[in-house]
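All values below come from the heavy atoms of this structure, side chains included, with hydrogens, waters and symmetry mates left out.
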Amino acid sequence: MNPYEPNYIEAKWQAYWEKNKTFKVERDSSKKKFYLLEMFPYPSGRIHMGHVRNYTIGDTLARFKRMKGFNVIHPLGWDAFGMPAENAAIKNNTHPAEWTFENIRTMREQIKRLGLSYDWDREIATCHPGYYKWNQWLFLKFLEKGIAYRKNSTINWCEACQTVLANEQVVDGCCWRCDNEVLQKQQEGWFFKITDYADRLLKGCKSLAGKWPEQVLTMQTNWIGKSYGAEVDFKIKDSDEAIKVFTTRPDTLYGAMFMVLAPEHPFTIKLSRGTEQESAIDSFVKKVNLQDTIARTSETGEKEGIFTGAYATNPLTGESVPVWTANFVLMDYGTGAIMSVPAHDQRDLDFARKYNLPVRVVIETKGEALDEKNMTQAYNADGAMIHSDSFDGLIGQEARSKVCEYLEKEGIGKATVNFRLRDWGVSRQRYWGTPIPVVHCDNCGIVPVGYDQLPVELPLDAQLGEKGQSPLHTLESFYKTPCPKCKAPAKRETDTLDTFFCSSWYFDRYTSPRQEDKPFDPEDNGYWMPVDQYVGGIEHAILHLLYSRFFNLVLNDLELTKAKEPFDHLLTQGMVIKDGAKMSKSKGNVVDPDEIIKTYGADTARVFILFAAPPVKDLEWSEQGVEGCYRFLKRVWRIFSDFVDEAKTATPAGENFSTSVKELKELRRMTHITIRRVTEDIEKRMQFNTAIAAIMELVNHLYHFKEWKESQDPIDSAPVIRESLEALILTVSPFAPHIAEEMATLLNFSEPDKSWPLYNEALTQTDEILIVLQVNGKVRQKLKIEAGMSDEDLKSLALIDPKILEWTQDKEIKKVIIVPKKLVNIVVK
RNA sequence: GCCGGUGUGGUGAAAUUGGUAUACACGCUAGUUUUAGGAACUAGUGCUUUCGGGCGUGGGGGUUCGAGUCCCUCCACCGGCACCA
C-alpha cells in the first residue's frame, strides 16, 4: 500500500465534505441537539496557533458528539467590525470593508485546510448589513425598554483610538486594544443599564458553578462586586439636608468620627460656602480634578484631604463630626461620601493620623485591647460592639442587622446593597461599526429611526480622517436627514456601537442566520440554544462573556429567547507558548499554521495540539513534538496497511465471538479498554492528551501483536483484527478526521459503522490480575493471581510468599489490609 | 492586601475514588538497517547503592496500614481584583 500522504488524503476529504455539505444541520425535534461553539474570530489577516488550538478543541468535541448521535450545530462567523480594519485601511490606503472581506477570504481558506466540521451555510459577518440591521433593531428594543439611555458622564477616552471605552475595556489604566493610557473625560453618550441586571447576573454565576471554570465565575463575581451594608443619613448642621453615606459596617457607626466627601460631591463646594475654608476647598477640588484618576485611585497614591468647614451629626451618638473632602473617596461608588471609622478601617486610620482627627474603638478585639491614642493598625475584623449604648455586646452580622433595623425605624437609614459594576458605555466615535439608529432633532429631541427604515447603512464611500477620525461626523450625505417624527431637518447620530454589541448575540443569529424579518426565529432559537459547549480564551472572562450573559437576560425579558444562560458549559483554553512566551508577531516567535499543515498535514497539527497539553493548560510549541505526532500517524497508517487486506472482508468479532488464543483475547481486551478510555477522556474529562495516549498504546499493542503473529503458524485472526482496526479508526477520527475517513473507506465502512464504538465491559477484564504486596506500606512483591481468587486465599498466598517472609519473619503481624483486585498490605511490628 | 490557580524525571506530561509515582510522547544512549544524512525498527533511560536496599511529587509538619492526592504551615511562580467605604 502507499505511504502516508497527508496532503493528498486531506485535500480529498476536505473537497468531499464541502461538496456534500456533510456538516450542514437542520432543526429536528426528533433528535437531541448539541450546540458547539468556538469564539468567532476577528478577521485580522491570517489565522494563528491560538485559533488553531481553539477550533481543534471545538472540532474534536463536535465530531465526537456527532458520532454519538447528536444533531450537532457547529457554526463559524466573523467578528468583523472594529478598529484594526480602520487602522489597516489608513495604512494601506484601502477601505475597511475591502480589507475585512479580503481577510475573511484568506482565513476561511486557512480554516478549511484544518478540516474543521463547520456548517458553512450558517456563516455570518457582523459588518454585513444583514447582520448589523439586527443590531440596530435590538438597540431600538433596548431603547423602548429603557435599557439604552443617554447621559453625560465621566468616560474613559483613548486618544490613540480616538474613542470612548467601557470600564471593562480599561486594563490597568490602559486601553485593552492598543495599551495606551486612558484619560477621563466628560462626554455624552449611550449607555446600557447592565447595573439593573447585576443581581440576576450574580445569581447566574451561581447556577453555572461546576459548568464554567471557577476562575471565570470568580472574576465575574468580583467584577459585579456586590456588597451588603447600609445607607445612613448624617444631618448637616444648621441645615435640613443630610449627607447619605454607604457603609458595609453599620456596626461601627458609634466610631464614625468624621466624614469624607468625594471632591466631585455636590456638597463639597456647597458646604464650604461662607466658611473660612471656601477658597482652600476651591483650589483643592481643582487640584484633584487635574490628578489622573488612575494615580488617584491607586493604593500607593498619597491620601490628601481638607476640611470643608462644615459639620454633620452622627445619627447614633448625636455628636458633631467634621466633614472633610479627600482624593481617595470616589464619586461613582456608593454615595460618593463615607463615614470614617478610624479605629476599624485602615484608610480612615491613616487619614486620621495624618490630619490629627480623633479615634474611638467601638469593636472589641479578641486579643490585646486597642490603644486609641497610639494604634497604627486598624482592627477591621468582626467583634462585639462596645461604647455603643444598647447595642453593646452584639457581634458581626447580627450587630449589623440590629443597627439597620434601628436606623430604618428612626427613618435615618436602611439596609442596602451596592455594586461595583457600572453601566456599559456603548458609544464609539469610530467609523467601522454599527450606526446607532437614532436622529437628533431640535424639535423632538432624540427620535428612534423606524423599524421599517432599518438598516441605517454605513456609507461605504466614506474617507477616513488622517488621525482615524470617523468620517460619519462630517459626512453630510450620512448625517443630514429629516426627523422621522416632525420631518424637519435633523441630524443622525454619528457614533457607532461598541463591537462587543455584535458579539453579544451572534450565537443566537447562528440558529437562523438568514432570517429576514427578525433577528432570529424563536423556534430555531428555542431548539438550538443554549450553547452546550463554548470554547474560547480566558481573556474574555469578563468582557464578552459578561456582556453576552447580560444580553441574554434582556432578550429573555423581551421574550425573544428562553435559555436562562447563553453558554451552558465553558472551556477556556490555555495560550500557545513558544520559547517561554505567548506566540506573537512582536516577539517574533510565531509558527505559521499553514507551514505546519504543508509539511505534516492538518491531522498532525491537530493531534499535536491536543496531545501536547490538556486544553485548559498553556501549550508549549515543540517542533519535535509535532514530528512525534507525525510519526504516530505514520505508524497508524503502516499498521493499518499491514492488516487491511486481512481485515477488509472480515466480520468484526462481536458478542458471540470466542477464542482460546491468549494473544487474541489480549488484543480484544486492549481494543475495548481503549474505547473505554477514549470515550471517558473526551466525554467526562475533556482530556484529549490522555485519550490520544490511549490510542497510541493500542497502536503499540497492534505492532506487538503483529510481531507475535508473524512468529506463529497462520491462524485466523481477521475478526479480532477487524474489530481492533475499526476501534482505532473510530477513536482516532475526532482528532485526525482525514486519515480516519481514508482508512474507513479502505475498510469499506458503511455509514452506520461510523458511529462511536461501544465497549464491552466483560471484555475489558483479565483472567489474571496483578496484586501488589506491601509490608508496612512498602512494595515488596508483585503477584499474578486468578481474577476470581477470594480475599482469604489471597491473604494466605501473600503470607507465605518467600519475598514477603523475608520482611515478616521474627515480626509480629498486626494487621493485613486487602484492597480487592489491587493490593495486600501486611502491617508488622 | 484580598480572591483563584500552579509547583511531579533532562523536556511536554500521566496517576479518574487515599492503594505499584512517572502512563504516553519528546530527548538521550546502544544496536540493526542504510553509500551518507534522514527514516524505520529493537533495547535501555528518576536519583543513589556496599546490588540487600535506600531515597524521590516546591520546603516543613500532621492524619492514615498506606499520601502526588486529605489537613496545617511556609516558599516560589502565574492570573484576576484592589484607597470599593
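The listed nucleotides are rA14(B), rC24(B), rC65(B); the one nearest the side chain of Thr690(A) is rA14(B). Taking every side-chain heavy atom of Ile338(A) into account, rA85(B) is the closest of rA85(B), rG53(B), rG80(B). Of the listed nucleotides (rA85(B), rG19(B), rU16(B)), rG19(B) has the atom at the smallest distance from the side chain of Lys822(A).
Rounded to whole Å, the C1' atom of rG9(B) lies 15 Å from the corresponding atom of rA15(B). rG7(B) and rU16(B) have their P atoms separated by 13 Å, with the value rounded to a whole Å. Distance noted for atom P between rG19(B) and rG66(B): 14 Å (whole Å). Spacing of P atoms, rU45(B) relative to rG68(B), comes out at 22 Å, to the nearest Å. Between rU57(B) and rG62(B), the distance separating the two P atoms is 15 Å to the nearest Å.
Of the two residues near RNA chain B, Asp618(A) and Lys634(A), the one whose nearest nucleotide lies more 5' is Asp618(A).
Proximity of a side-chain donor or acceptor of Arg400(A) to a complementary backbone N or O of Arg249(A) within less than 3.5 Å is not detected.
Here the C1' atom of nucleotide rC3(B) and the CZ atom of Arg420(A) are 13 Å apart, to the nearest Å. If you take CD of Gln774(A) and P of rG18(B), they are 17 Å apart, rounded to a whole angstrom. Counting to the nearest Å, the P atom of rC65(B) and the NZ atom of Lys829(A) are 13 Å from each other. Taking atom CE of Met331(A) as the reference point, atom C1' of rC83(B) lies 17 Å away to the nearest angstrom. Whole-Å rounding puts the Leu783(A) CG to rG19(B) P distance at 21 Å. In this structure, Asp332(A) places its CG atom 13 Å from P of rA85(B), rounding to the nearest Å. At whole-Å resolution of the value, CZ in Arg685(A) and C1' in rU17(B) are 13 Å apart. The CZ atom of Arg631(A) sits 12 Å away from the P atom of rG38(B) (whole-angstrom rounding).
For the pair Arg347(A) and Phe328(A), the cation does not sit on the ring face, since its NZ or CZ is not both under 6.0 Å from the ring centre and inside 45° of the axis.
Side-chain contact of Tyr333(A) with Ser227(A): a donor-acceptor pair under 3.5 Å is present, judged by distance alone.
Using a 4.0 Å heavy-atom distance criterion, Glu620(A) is classed as making no nucleic acid contact.
At the phosphate of rC65(B), OP1 or OP2 sits under 4.0 Å from a side-chain N or O atom of Lys815(A).
Taking every heavy atom of both residues into account, Gln346(A) and Ala378(A) meet most closely at OE1-N, 2.8 Å.
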